[in-house]
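As structure tokens, the structure follows; a few thoughts come after it.
Each chain gets a letter, A, B and so on, in the order the sequences are listed, and its residues count up from 1.
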4 protein chains.
Amino acid sequence: MSPRTKEQVEEIRQRSRQQILKASLELFAHQGFHNTTISQIAKKAGVSKGLIYNYFSSKEDLVGGIIEEAMETGEEIMTTIKDQELDPWVAVDQSIDHIFILVQQNPVYWKMLTSLSFQEDILMKFEPLLRKQEFKNLEHLTDLVRRLGAKKPLMEAMYLSALLDGILLHYLHFKDKYPLEEMKEFLKAKTREIGK
Amino acid sequence: MSPRTKEQVEEIRQRSRQQILKASLELFAHQGFHNTTISQIAKKAGVSKGLIYNYFSSKEDLVGGIIEEAMETGEEIMTTIKDQELDPWVAVDQSIDHIFILVQQNPVYWKMLTSLSFQEDILMKFEPLLRKQEFKNLEHLTDLVRRLGAKKPLMEAMYLSALLDGILLHYLHFKDKYPLEEMKEFLKAKTREIGK
Amino acid sequence: MSPRTKEQVEEIRQRSRQQILKASLELFAHQGFHNTTISQIAKKAGVSKGLIYNYFSSKEDLVGGIIEEAMETGEEIMTTIKDQELDPWVAVDQSIDHIFILVQQNPVYWKMLTSLSFQEDILMKFEPLLRKQEFKNLEHLTDLVRRLGAKKPLMEAMYLSALLDGILLHYLHFKDKYPLEEMKEFLKAKTREIGK
Amino acid sequence: MSPRTKEQVEEIRQRSRQQILKASLELFAHQGFHNTTISQIAKKAGVSKGLIYNYFSSKEDLVGGIIEEAMETGEEIMTTIKDQELDPWVAVDQSIDHIFILVQQNPVYWKMLTSLSFQEDILMKFEPLLRKQEFKNLEHLTDLVRRLGAKKPLMEAMYLSALLDGILLHYLHFKDKYPLEEMKEFLKAKTREIGK
DNA sequence: CATGAATGAGCATTCATTCAT
DNA sequence: CATGAATGAATGCTCATTCAT
């Protein structure tokens with residue numbers, strides 16, 4: 001008889017919103033943004049087409065929602081590492097672990113993101129958001145390799161960055177057939193050469 | 001008014017065909033396959049929409065045409081290297097040069113290809129064609145590093161492959177702002193460590 | 001928590017109903033019926049979408065509600081005049097005043113009504129209601145001008161009627177920039193010619 | 001075998017364009033802009049939905065097309081009158097005739113226009129176009145009545161303008177049941193009073 | 001009495017493809 | 001060989017209406 005409480009409403013909203021975001025993410029990642037229809041998302045999320053527009057103002061806005069959410073989660077993991085003062089070799093290993101964990105936890109997100117980075121129309125709208133992140137990461141890497149005694153820290157960091165993205169790329173394509181763990185250890189071993 | 005000769009007709013055909021392929025490639029690379037319209041291609045190629053269907057049976061078929069053409073060119077360069085018997089260190093440098101040249105000569109093609117590799121619907125149709133190429137490349141790399149005395153040739157090759165693709169990825173995004181040449185030399189220097 | 005009395009409930013009902021009608025009227029008048037959404041009405045009225053359907057069975061029914069209410073108010077003013085026995089010149093002036101007052105008191109209503117008269121789908125449902133009113137007005141005017149000694153009372157009445165509607169039309173468009181009062185006096189002066 | 005000539009294409013285009021404009025005008029006039037669908041227009045025009053967008057960029061653009069076309073036709077008639085030097089009484093009669101002819105020739109257009117003037121969203125986009133016309137008309141009327149010796153030419157012109165619009169309004173509603181010709185003569189007779 | 005999440009039919013618009021010339 | 005008018009299925013998005021609470 002009486003209307004739902006604010007809390008009930010908010011919970012319902014969050015559940016629907018999550019379902020929609022999850023479905024969008026998966027479809028965008030596998031089919032690409034422009035090849036995914038709202039109807040597909042609605043069906044996969046188990047809601048009506050109309051409901052999607054109760055939570056997101058447009059198809060593009062879904063991308064924004066996905067990125068925002070992933071960044072929040074990513075931020076959390078990041079901070080746990082950053083605060084600690086560490087031996088540089090340990091820090092490098094931890095950073096590598098961190099990146100691999102991030103990717104392994106949510107490979108679909110990274111697939112979507114990489115895919116999106118080739119869609120210039122969409123990219124344009126979210127570039128500021130993403131570039132900042134990118135820059136922070138490169139800065140972090142540069143700092144790390146400098147502490148390892150690299151002679152050309154920036155080059156070394158860019159090299160490492162390309163390597164990580166390359167591994168990510170291959171992992172995203174081959175999925176479980178890719179020896180990600182082995183690659184990680186191989187990579188860690190390689191970093192031992194830096195500064196020598 | 002006089003009837004054109006067979007050769008003239010064939011030449012006209014080839015020119016139109018090339019214009020269409022070139023326009024398609026550029027648009028697919030920058031906007032993505034599904035976000036590019038036949039009208040855009042026709043306009044950019046300076047031909048009518050109808051003409052495109054004289055040369056290609058569908059939008060997808062354009063992708064096929066692009067890939068085929070690029071493979072032919074790629075093949076040529078490849079063979080010039082393969083045939084020569086070389087000191088492994090020189091061979092590695094040459095292979096690296098070769099890859100970088102390929103990318104620098106036609107970055108748009110590689111951009112389109114990478115972009116396409118995230119469009120599973122399109123990928124599916126051209127996967128066999130591409131996977132074969134991929135496998136050959138990995139085989140070639142494995143062979144190279146083995147001759148350099150690598151302890152784990154396959155891992156080393158995969159590592160190198162990821163690295164190359166990572167650099168490619170970054171180059172495709174940052175274009176002329178990316179220090180590609182410097183990166184190449186840095187990479188060559190790194191390969192000196194292999195086998196030690 | 002204590003149960004509301006019948007009167008309280010009724011008062012609440014009436015207030016909500018009025019708010020909804022007021023919001024509808026204004027939006028219909030300015031945006032047109034088909035370009036106004038229930039959501040807009042709900043927002044402007046400060047109620048939920050659902051509540052509107054507690055009082056009105058459909059969007060169209062809102063129009064019915066608006067017209068009914070306006071007719072009731074119009075009726076009241078009308079009767080105060082009709083009953084009095086008057087010198088015809090005074091009666092004409094009073095009738096003109098009456099019409100102008102009606103419009104000035106609720107211009108939005110007249111705007112909506114005129115707008116609606118061009119929406120044949122809506123008009124159809126309320127035509128009987130409106131035509132009756134129209135006819136009564138024309139009859140009243142005919143009677144007046146006949147008492148003024150007009151030679152062609154019906155033509156004169158139609159002429160006057162067109163004039164009044166024309167002035168109304170212009171007033172509704174130009175709002176406060178329109179010299180309505182001046183026009184009224186000008187019109188009254190013109191009526192002095194009738195019957196001469 | 002050979003493609004159509006420029007002229008053939010242009011003729012085909014004009015025919016299709018006219019069919020679409022005609023259908024749009026009629027539907028907009030009777031059902032209102034927002035209550036008319038592109039499908040209805042396509043069906044009435046005997047073309048596909050898609051074709052409409054080959055000629056007009058949007059539903060709104062159709063309104064623009066209609067207005068432009070009507071203005072061109074209107075302009076022609078206007079000029080034939082304006083140029084002649086005339087006895088003012090004859091000029092008034094001619095102007096009145098002209099307006100009535102315009103309306104009688106294309107009542108649907110005037111219905112649409114009046115209807116549209118209540119759709120503020122659409123009006124906004126075409127107001128500049130229409131206001132200019134309006135102003136020119138009022139100016140013309142003012143000039144006319146001044147030459148007739150009116151004491152308050154502007155008021156007299158506004159009065160006349162309202163009258164004309166009122167008659168138009170009634171005519172548009174009652175169509176053939178409205179004694180338009182009789183009204184015109186009655187109106188002309190009334191103008192004889194001006195300046196006395 | 002009151003809320004707003006949810007639905008789905010319907011809308012404006014796009015676009016690959018066809019075909020008459 | 002070449003054109004572009006024409007089609008219509010499909011898409012993103014809107015909105016009146018319902019209903020559980």
- Note on the structure: For DNA chain F, consecutive-pair runs of 3 or more (Watson-Crick or G-U wobble, both H-bond-type distances under 3.5 Å) give E:2-21 with F:2-21
- Query: Which of residues 28-41 of chain A have a heavy atom under 4.0 Å from DNA chain F?
  - Reply: A:T36, A:T37, A:I38
- Item | Between P of F:dA6 and CD1 of D:I20, the distance in whole Å | 8 Å
- Only counting residues at least two apart or in another chain, list the ones meeting salt bridge (Lys or Arg N to Asp or Glu O under 4.0 Å) with A:R13. none
- Could you give the CD1-to-P distance, from D:I12 to F:dT3, as a whole number of Å? 16 Å
- Item | Stepwise salt bridge (Lys or Arg N to Asp or Glu O under 4.0 Å) check, A:E10 with A:K6 | CA-CA 6 Å; A:E10 191 52 31; A:K6 277 264 163 58; over 6 Å; no
- Message: Quick one, B:I38 and B:K59 - any side-chain contact, counting heavy atoms below 4.5 Å?
- Response: yes
- Interatomic distance, A:E11 CD vs F:dA20 P [rounded to whole Å]: 19 Å
- Task: Indicate yes or no: at least one non-hydrogen side-chain atom of A:T37 is less than 4.5 angstrom from one of A:Q40.
- Result: yes
- Task: Find out whether C:F33 and C:M112 are in side-chain contact, i.e. whether some heavy atom of one side chain is under 4.5 Å from a heavy atom of the other.
- Result: no
- Task: Only one of C:R17, C:Q18, C:E11 passes side-chain contact (heavy atoms from CB on, under 4.5 Å) with C:R15; say which it is.
- Result: C:E11
- The salt bridge (Lys or Arg N to Asp or Glu O under 4.0 Å) partners of B:E69 (sequence neighbours excluded) come to none
- For B:S57, all residues meeting side chain to side chain contact (heavy atoms under 4.5 Å, CB included), sequence neighbours excluded: B:D61
- Can a side chain N or O of C:S16 be found less than 4.0 Å away from OP1 or OP2 on E:dC1? no
- Message: Quick check on contacts: within residues 48-61 of chain A, what sits under 4.0 Å from DNA chain E by heavy-atom distance?
- Response: A:S48, A:K49, A:G50, A:L51, A:N54, A:Y55
- Item | Stepwise side-chain contact (heavy atoms from CB on, under 4.5 Å) test for D:F28 and D:K111 | CA-CA 9 Å; D:F28 288 163; D:K111 185 160 192 175; over 6 Å; no
- Query: Would a 4.5 Å heavy-atom cut-off, applied to side chains only, mark B:L113 and B:I67 as touching?
  - Reply: yes
- Whole-Å distance, B:K43 NZ to E:dC15 P, equals 13 Å
- Query: Heavy-atom distance under 4.5 Å between the side chains of A:K44 and A:E26, does that happen here?
  - Reply: yes
